[in-house]
Every structure is written in structure tokens, then in C-alpha cells.
Peer 1: 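Dropping a structure here in C-alpha cells format, bear with me for questions.
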Amino acid sequence: MDFLKNKGFTEDEINKIINKYDGSLDSFMFISDNVEDVIDYLDSYGIKNVAELMLQKIDIFYLPVDKIMELFSHYNREYIIESLEEDPAIFDELK
């Protein structure tokens, strides 16, 4: 999970993610390039709580970044940012 440090995640945030998802992160490491692309896209989109989003909705980071871009394109940018920062579960309604 060192690649998350390179993306600005703190040790505490990484430990919370590891503790929450424990043994289910094996495949996460194999798609680290995609995870990094998703983190970069969310950051560039203006979402500030990417670590919290990962902690609450890790399944987002398994999606291809192109799929997330396509989902977001149907909504107002401010709506996406505010909604995901308020309640990450709103992502499920975007699908």
C-alpha cells in the first residue's frame, strides 16, 4: 500500500483502510495503476476527501477511470463533489 503514500495518504488513513478491508486487499495491489489513476482523477475533479471515499466506498477504486468519467459526465460537477463529500454512498445512485 506504499503507492497510497505517494498519492498523499497518511499512515493513519492507510492503516484504517487496511484494518477495514483486511484480507480483501490482495487484488487491490494488482490493480494499483488503476487505483492511482482513479485517485488522480478524483483529485483533479476537485474531490478533497479521497481517502475517506476509499474508506467508505472502496469499490469505486476497482472501476476503470473511464467508467467513472462517464458516470460523472451526466451530472453537475458541484453536485458530484458536494454529494460525495457529504455521503460517499451517493456514488451508488450514479450508476
Peer 1: Which atom pair, heavy atoms only, marks the closest approach of Glu36 to Phe3?
Peer 2: CG-CD1, 3.6 Å

Peer 1: Evaluate the side-chain proximity of Glu52 to Leu55: yes if any heavy-atom separation is below 4.5 Å, no if none is.
Peer 2: yes

Peer 1: What pair of heavy atoms forms the shortest contact from Lys48 to Glu85, and how long is it?
Peer 2: N-OE2, 3.1 Å

Peer 1: Looking at every non-hydrogen atom in both residues, tell me the closest pair between Val50 and Ile47 and how far apart they are.
Peer 2: CG2-O, 3.5 Å

Peer 1: Could you tell me whether a side-chain N or O of Asn76 sits under 3.5 Å from a main-chain N or O of Tyr79, the two making a donor and an acceptor?
Peer 2: yes

Peer 1: Can you tell which of Lys7, Met1, Met54 makes a side-chain contact (heavy atoms from CB on, under 4.5 Å) with Val35?
Peer 2: Met54

Peer 1: What's the separation between atom CD in Glu13 and atom CG in Leu4, rounded to the nearest 0.5 Å?
Peer 2: 9.5 Å

Peer 1: Measuring from atom CD of Gln56 to atom CD1 of Ile90, what distance do you get when rounded to the nearest 0.5 angstrom?
Peer 2: 14.0 Å

Peer 1: Can you confirm whether Asp40 sits close enough to Val65 that some side-chain heavy atom of one is under 4.5 Å from a side-chain heavy atom of the other?
Peer 2: no

Peer 1: CD/Glu93 to CG/Leu71 distance, rounded to the nearest 0.5 angstrom?
Peer 2: 12.5 Å

Peer 1: Could you tell me whether the side chain of Asp59 reaches within less than 4.5 Å of the side chain of Asp92, counting heavy atoms only?
Peer 2: yes

Peer 1: Check the orientation of Phe72 and Phe91. Use parallel for under 30°, tilted for 30 to 60°, and perpendicular for over 60°.
Peer 2: perpendicular

Peer 1: In the structure I gave you, are the side-chain heavy atoms of Ile17 and Phe9 within less than 4.5 Å of one another anywhere?
Peer 2: yes

Peer 1: Just verifying a value: how many Å separate Phe61 CZ and Ile31 CD1, rounded to the nearest 0.5 Å?
Peer 2: 10.5 Å

Peer 1: Can you tell me if Ser44 uses its side chain to pair, donor with acceptor, with the backbone of Tyr41 under 3.5 Å?
Peer 2: yes

Peer 1: Taking all non-hydrogen atoms of both residues into account, name the closest pair between Pro64 and Asn34 and its distance.
Peer 2: CA-OD1, 3.5 Å

Peer 1: Is atom NZ of Lys20 surrounded by more than 12 heavy atoms (other residues, nucleotides or ligands) closer than 6.0 Å?
Peer 2: yes

Peer 1: Do Ile60 and Ile68 have side chains that approach each other closer than 4.5 Å (heavy atoms only, starting at C-beta)?
Peer 2: yes

Peer 1: Could you tell me the separation between the CD1 atom of Ile14 and the CG atom of Asn19, rounded to the nearest 0.5 Å?
Peer 2: 12.0 Å

